[in-house]
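In this text the structure is predicted, and so the values were computed from the model without any measurement.
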Amino acid sequence: MSTNPEVADGPRAQRHRRPADRKDQLTDRAAELFLARGYDHVSVADIAKAAGVTGPSIYRHFVDKQAILYAAVMSGVEDIEKCTDTALAPAADGQIPIDKAIEKLCALGVTNPRSAALWRWSTAHLTPDQNDEVARRTRKVLQRWSGAVFAHRTDLSARDIDQLAWSILSVNGSVSVHRTRISTARAVAQLVKLVDRVVELTPDRATPIPPMPRAMAEPSGRRDEILDAAAALFQQRGFATVGVDEIGEAVGITGPSVYKHFPSKQAILIGISQRSANRLEASAIAAYSIASDPQSLLAVLVDSYVQVLTSTPDLSVSFNSRSVLERFDNGDLITYQRRYVGRWVNLVEQIETDLPTPEAAVTVHAALTIANDAMRLRRNWSRPDMPALLAYLMKGVLGLPEGGPVGQAGTVLP
């Protein structure tokens with residue numbers, strides 16, 4: 001409807017006139033749903049309902065759901081680009097106020113999680129050309145931030161600066177993976193503090209993860225062969241695009257034979273997630289057996305988490321499939337994940353005694369997101385020191401001292 005009072009819009013005009021920003025509205029509603037439920041569990045009808053339009057009307061703007069996803073991803077990238085232009089604009093004296101720039105970036109991550117998170121979660125659903133375009137533009141943004149934020153770090157190599165810049169993006173987008181109740185101002189302030197920690201890290205100082213006591217005996221048999229094959233396929237292509245027949249073929253059996261061990265593909269995913277939860281629980285018990293003070297214990301938990309994350313795809317698949325698990329699991333796995341993270345939050349509170357619980361939770365999730373993002377986006381997988389690097393970055397964000405004691409060495413976790 002026209003906003004000009006001199007223009008009389010009749011009933012027919014009101015029925016057929018569409019808002020000029022309808023496409024943006026559809027993109028926004030779709031982005032919210034994709035982040036909340038996962039791409040595979042959002043339909044065009046869902047998007048239409050959220051936007052208050054009919055399903056067919058969406059096709060006036062987009063050819064299919066995948067096109068909507070790409071538009072939502074690129075809208076988020078554009079938000080980051082606009083924020084970068086504003087934040088890194090020189091002041092009157094020609095200098096870039098880095099502190100204010102970082103604060104603006106963190107504010108974007110808190111108030112508009114789509115911009116910081118959707119592109120990181122959507123690579124499996126975009127075409128190679130679309131992923132290349134997203135990568136090209138995000139890398140350009142990353143280079144601008146690297147040049148400004150790390151200008152004083154002449155001791156760092158280009159590779160180290162690149163790794164730290166990616167870590168800053170992970171920290172900035174970490175609020176999208178949890179639901180901690182905290183005000184915008186407090187969340188932004190804590191993220192700024194964590195980004196400042198990242199800026200002062202030196203990746204070359206990362207040392208190998210010390211051997212850990214064996215946490216549990218690894219089961220073997222057809223059931224675990226199926227879980228292994230499914231986890232590898234889910235990690236490569238995502239849960240929704242992998243069929244039971246493909247899982248069976250990967251272990252040398254027919255699809256119907258898989259159902260002798262699991263009633264459904266969802267049950268396979270739950271089995272993978274339960275196995276990763278068991279590994280984390282066993283590694284946590286082992287950590288408590290070799291460390292006692294909060295700093296050492298948290299350091300060992302970081303090391304064990306990285307070992308579990310990088311040794312098998314189970315944990316990464318479980319984390320990336322959370323929206324599926326929330327639909328099909330009875331809640332036990334999600335409850336366990338929250339309890340596990342709660343251990344970390346409690347230790348951070350013991351280390352920083354003046355830090356409120358919400359800020360401690362923001363800190364823990366930021367550290368975990370650095371590692372989870374690296375595995376999901378497959379950054380630096382070829383680096384032999386990848387586990388050591390991830391552990392170093394996580395400990396830096398958590399504020400743990402470098403080279404602290406971590407307890408007695410044992411045999412390496414499987």
Can you classify the ring geometry of H365 versus H178 as parallel (below 30°), tilted (30 to 60°) or perpendicular (above 60°)?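 H365 vs H178 ring planes: parallel.
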Where is the tightest heavy-atom contact between [X] and [Y], given as atom of each residue plus distance?
X	Y	value
A361	T180	CB-OG1, 3.6 Å
W145	I102	CZ3-N, 4.2 Å
A71	F62	CB-CE2, 3.6 Å
P294	L347	CA-CD2, 4.0 Å
A51	Q25	O-NE2, 3.3 Å
A360	V345	CB-CG1, 3.8 Å

Salt-bridged, [X] to [Y], with N to O below 4.0 Å?
X	Y	result
R223	D228	no
K193	E352	yes
D46	R37	yes
E246	K265	no

Hey, could you give me the [atom1]/[atom2] distance between [X] and [Y], rounded to the nearest 0.5 Å?
X	Y	atom1	atom2	value
D160	D155	CG	CG	8.5 Å
Y59	T54	OH	OG1	10.5 Å
S273	Q337	OG	CD	7.0 Å
S311	R279	OG	CZ	6.0 Å
N346	T357	CG	OG1	8.5 Å
S276	L315	OG	CG	5.0 Å

Just by modelled atom types, is the [Y] backbone N or O under 3.5 Å from a matching donor or acceptor in the [X] side chain?
X	Y	result
R197	V397	yes
R222	V251	yes
T310	V306	yes
S304	L301	yes
N172	I168	no
K82	V77	no

side-chain contact (heavy atoms from CB on, under 4.5 Å) between L398 and V348, worked out: CA-CA 7 Å; L398 292 167; V348 169; 4.0 Å; yes
Taking side chain as C-beta onward, heavy atoms only, is [X] less than 4.5 Å from [Y]?
X	Y	result
P210	D303	yes
D40	H125	yes
Y392	T207	no
F34	L118	yes
I98	E103	no
R60	K23	no
V134	Y70	yes
C106	L194	no

Does any donor atom in the side chain of [X] or [Y] lie under 3.5 Å from an acceptor atom in the other side chain?
X	Y	result
T202	R153	yes
T369	S174	no
Q295	Q350	no

Go through I226 and I268 one step at a time and tell me if the side-chain contact (heavy atoms from CB on, under 4.5 Å) criterion holds. CA-CA 8 Å; I226 293 172; I268 296 175; 4.2 Å; yes
Pick one: which of V300, N372, L390 meets side chain to side chain contact (heavy atoms under 4.5 Å, CB included) with Y305?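 Of the listed options, the one satisfying the test is N372.
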Evaluation steps, salt bridge (charged side-chain N to carboxylate O under 4.0 Å, His left out), between R339 and E281: CA-CA 10 Å; R339 187 170 65 244; E281 181 64 22; 5.1 Å; no
List the steps, then state whether side-chain contact (heavy atoms from CB on, under 4.5 Å) holds for S43 with K65. CA-CA 7 Å; S43 67; K65 187 178 75 166; 5.7 Å; no
Any chance CD of E249 has more than 12 other-residue heavy atoms, nucleotides or ligands included, within less than 6.0 Å?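 12 or below, so no.
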